[in-house]
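Keep in mind the model is a prediction, meaning the values are calculated, not measured.
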Amino acid sequence: MSRWHRWLALLVGTQLLIWIVTGLALGMLPTPPLPVPRVPEPLDAKALVLPQPPAGAGSVGAITLLGKTRIKVDGQVLTPMSQGDAQVLFAQYFPGLDIGPMERLDHGWQSSLPGGFKVELGDDGNIQSNQYWLAPWLLRLHFMDWWGNGKNFNQWLVKLTSLVTMALILSGLWMGVQRLLQRRRHQPVMLEGFPLPALAAGPGTLAQRLEQVGLPVTGPCNGGGRCGGCLVRTSSELPLPISSNERRLLSSEQLAQGIRLACQQAPRHGCTLTAMAPAPEL
């Protein structure tokens with residue numbers, strides 16, 4: 001369980017770090033220039049004749065843009081805006097600024113402003129987006145919308161991360177309950193070959209409990225289960241579990257003889273511990 005908990009913590013922690021870093025970066029981006037508001041052009045409703053809406057359409061309307069009437073179906077202008085009209089509108093929105101090259105989008109035009117800002121203009125003549133060029137990439141990372149436009153927060157990666165976070169919380173609660181139960185069930189550990197006759201009941205690994213009473217047995221890895229320097233012989237009515245580090249560092253004969261790594265064992269029931277080397281004097 002602890003291994004799965006560490007992997008879950010790594011996944012959630014990585015995404016949390018991405019959220020924090022991208023959130024700070026978004027807050028530090030330069031502010032884009034504000035567009036000058038345009039006065040809405042009047043629509044001659046008397047002379048307007050709306051077409052029959054296509055099958056499945058929800059609404060049909062019209063707007064006047066640069067003196068031209070444009071039909072809208074479900075909020076989208078049917079007639080694409082010309083590049084010349086887009087240049088006129090960009091100049092009206094941002095007077096005095098150099099407008100970069102124009103690029104046609106699905107429902108409008110995109111251009112650039114001095115300072116690295118990208119502006120999207122819809123076919124209805126409204127500014128759809130006005131942001132620093134790095135903002136879309138940061139939004140994709142922040143909202144986990146890696147393959148989208150950085151605007152969709154309700155997608156499967158967010159839901160998956162929520163499930164992983166919930167699993168992390170539940171596994172942490174389970175491990176916490178197990179440790180509380182272990183503290184109540186711990187029994188003394190008898191010692192042979194040590195200056196003390198026994199270890200009082202308590203939590204922690206054998207190496208930690210020995211160190212607490214002044215009998216350190218850890219090796220160079222300092223209790224990490226990597227060096228095999230804290231060998232002890234155990235005997236117990238109930239067999240002690242074998243960790244993955246013990247299977248890697250100890251032979252099958254040693255395991256059969258009850259030899260374990262003190263940093264890997266935290267027995268709850270009573271057992272006898274025999275030193276494999278002369279124990280330090282108190």
request  = To the nearest 0.5 Å, tell me how far Q92 CD sits from Q87 CD.
outcome  = 12.5 Å
task = Nearest 0.5 Å please: distance from the CG atom of N130 over to the CD atom of E120.
result = 10.0 Å
request  = Could you pull out the closest heavy-atom pair between G225 and C221, with the gap in Å?
outcome  = N-SG, 3.5 Å
key: Single-linkage hydrophobic cluster M166~V164, side-chain heavy atoms < 4.5 angstrom   = no
query = In Å, rounded to the nearest 0.5 Å, how long is the span from CG of L121 to NE2 of H107?
reply = 13.5 Å
query = With no hydrogens and no angle check, is any side-chain donor or acceptor of Q155 less than 3.5 Å from a backbone partner on L157?
reply = yes
task = Run the numbers on L273 and L210 for side chain to side chain contact (heavy atoms under 4.5 Å, CB included), then give the verdict.
result = CA-CA 11 Å; L273 194 65; L210 287 169; 3.9 Å; yes
ask   = Is any side-chain N of the basic residue among R104 and D123 closer than 4.0 Å to the acidic one's carboxylate O?
value = yes
remark   = Minimal heavy-atom distance between L66 and E41, with the atoms involved, is N-OE2, 2.6 Å
query = Is there a chain of hydrophobic side chains (I, L, V, M, F, W, Y, each step under 4.5 Å between heavy atoms) that links L134 to W19?
reply = yes
message = Can you tell me how far apart CZ (F143) and CG (L138) are? Round to the nearest 0.5 Å.
response = 11.0 Å
Any donor-acceptor pair under 3.5 Å from T79 side chain to R70 backbone = no
query = Rounded to the nearest 0.5 Å, what separation is found between the CG atom of L255 and the CD atom of Q257?
reply = 9.5 Å
task = Return yes if some donor-acceptor pair links the side-chain N/O of D145 with the main-chain N/O of L139 below 3.5 Å, else return no.
result = no
note = Only one of I127, L34, V36, L113 passes side-chain contact (heavy atoms from CB on, under 4.5 Å) with Y93, and that residue is I127
ask   = Between L261 and S243, does a side chain to side chain contact (heavy atoms under 4.5 Å, CB included) hold up when you go through it step by step?
value = CA-CA 9 Å; L261 299 180; S243 69; 5.6 Å; no
inquiry  = Rounded at 0.5 Å granularity, tell me how far CD in Q15 sits from CD1 in I20.
reply    = 10.5 Å
key: Transitive ILVMFWY side-chain link W174 to W7, under 4.5 Å   = no
note = Q131 and P136 have their tightest heavy-atom pair at NE2-CG, 3.4 Å
ask   = Taking W109 for the side chain and M81 for the main chain, is one N or O donor matched with an acceptor at less than 3.5 Å?
value = yes
ask   = Which residue, T161, I18, L160, forms the side-chain contact (heavy atoms from CB on, under 4.5 Å) with M144?
value = T161
message = Would L168 and H5 count as a side chain to side chain contact (heavy atoms under 4.5 Å, CB included) here? Give the steps.
response = CA-CA 6 Å; L168 175 66; H5 186 76; 3.4 Å; yes
key: Closest non-hydrogen atom pair, A62 against I71   = CB-CD1, 4.0 Å
ask   = Short question: side chain of R260, backbone of R233 - any donor-acceptor pair under 3.5 Å?
value = no
query = Given the rule that I, L, V, M, F, W and Y join up when any side-chain heavy atoms are under 4.5 Å apart, are L97 and V88 in one cluster?
reply = yes
Closest approach of P30 to F117 (non-hydrogen atoms, all atoms of both residues) = O-CE2, 3.6 Å
request  = Answer yes if the side chains of Q265 and E246 hold a donor-acceptor pair under 3.5 Å, and no otherwise.
outcome  = yes
query = If two hydrophobic side chains count as joined below 4.5 Å and joins carry through other members, does V119 share a cluster with M102?
reply = yes
inquiry  = Is it the case that the side chain of T205 and the backbone of Q264 share a donor-acceptor pair, with hydrogens and angles ignored and the cut-off at 3.5 Å?
reply    = no
task = Could you please spell out the steps behind the side chain to side chain contact (heavy atoms under 4.5 Å, CB included) verdict for D85 and L65?
result = CA-CA 9 Å; D85 288 346; L65 187 62; over 6 Å; no
query = Closest approach of Y132 and G115, non-hydrogen atoms and distance?
reply = CE1-O, 3.2 Å
